Number of protein chains: 2
Amino acid sequence: MVRKRPYVCGIDAALDVVGGKWKVLILWALSTGTKRFGEVKRELPGVSVKVLTEQLRELEADEIVTRHEYDETVPRVEYSLTEFGRSLNEALGPLGAWGARHRARIESLRANA
Amino acid sequence: MVRKRPYVCGIDAALDVVGGKWKVLILWALSTGTKRFGEVKRELPGVSVKVLTEQLRELEADEIVTRHEYDETVPRVEYSLTEFGRSLNEALGPLGAWGARHRARIESLRANA
DNA sequence: CCGGATCCCGTCCGATACTG
DNA sequence: CAGTATCGGACGGGATCCGG
């Protein structure tokens, strides 16, 4: 997700932040509130620990999520959206609505291919 | 861009359509009207002919763009958005605005990394 | 429980050369 | 002009093992 060329337009820049395979889903999972690592993982069927960790760290570097590590005997890490992350999530709203509305159509196109 | 798992949410489905490296930029280029292959290519600095062709074909299969081939002595192919494609483009509007608004911030985060 | 480290593989993508 | 064909490299991402 490191861009070598200058951004052509705003969407270009936005997708550089949210372009990872699981990032929008992480955003989506965290939109309902703070969650522990394991909780996030459970909401993303199929993601590996390594990749989830990587993408969370990248989102953290982009100031989209914050990471809170609790120093207890039982390891516990919580993630939540920043204000910046919430604004990104709102900007994704219409796209999500579009996808939800046309989901069946997309799936049927995929099926015929 | 062929999905093996079921879509988790609408954004998931939308990104399956628009997830290619250059697809949103193609959408963006075609949003101002019909364009020839070479014109589209000129607006996407760095894209290779092969990849541009591939992504245009995928968008065509997803009914996002239409392809019009003219049978003239000089080869000429024009691409334009479908109604479906225009609706997708509108859904991308807020995300583009978000990216444009925070573009400088994103770039500076990238620079420090 | 939450990762870090390592290995490995598929695919995505770019460069080049060639064609109608 | 608008592609097709082929090759090679880079990168994303999964599996597994190990550590605090």
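These numbers were taken from a predicted model, which means no experiment stands behind them. Just so we're on the same page: letters track the sequence lines, and every chain starts at 1.
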Short side-chain N/O contact from [X] to OP1 or OP2 of [N], under 4.0 Å:
X       : N      : result
A:Arg36 : C:dC2  : yes
B:Arg57 : D:dG3  : yes
B:Gln55 : C:dC12 : no
B:Arg76 : C:dG20 : no

Salt-bridge criterion met for B:Lys41 and B:Glu39 (N-O under 4.0 Å) = no
Notebook entry, point to check: Does a salt bridge link A:Glu63 with B:Arg105, judged by any charged N lying under 4.0 Å from a carboxylate O?
Noted result: yes
Counting side-chain heavy atoms from C-beta on, which of [options] comes nearest to [X]?
X       : options              : value
A:Phe37 : C:dC13, C:dG3, D:dT4 : C:dG3
B:Thr53 : D:dG14, C:dG3, D:dG3 : D:dG3
B:Ser48 : C:dA15, D:dT4, D:dC1 : C:dA15

- Query: Do we get A:Arg36 above A:Tyr70's six-membered ring, with its NZ or CZ under 6.0 Å from the centre and within 45° of the axis?
  - Reply: no
Answer with base, sugar-phosphate or nothing: what part of the nucleic acid does A:Val49 contact at a heavy-atom distance below 4.0 Å?
base
Please classify the nucleic acid contact of A:Tyr70 as base, sugar-phosphate, or nothing, using heavy-atom distances under 4.0 Å. nothing
Whole angstroms only, please: what is the [atom1]-[atom2] distance between [X] and [N]?
X       : N      : atom1 : atom2 : value
B:Glu54 : C:dA15 : CD    : P     : 14 Å
B:Glu78 : D:dC1  : CD    : P     : 14 Å
A:Asp71 : D:dG20 : CG    : P     : 15 Å
B:Glu60 : D:dA2  : CD    : C1'   : 14 Å
A:Arg67 : C:dG3  : CZ    : C1'   : 8 Å
B:Lys41 : D:dT4  : NZ    : P     : 14 Å
B:Leu52 : D:dG3  : CG    : C1'   : 10 Å
A:Lys23 : D:dG13 : NZ    : P     : 9 Å

Between A:Pro75 and A:Val47, the residue closer to the 5' end of DNA chain D by nearest nucleotide is A:Val47
Worksheet item: What about A:Lys50, does its side chain sit under 3.5 Å from the base of C:dG4 through a donor-acceptor pair?
Response: no
One should read off an interatomic distance between B:Leu44 CG and B:Trp28 CH2, to the nearest 0.5 angstrom, of 9.0 Å
Over 60° means perpendicular and under 30° means parallel, so classify the ring planes of B:Tyr79 and B:Phe37, tilted if in between. tilted
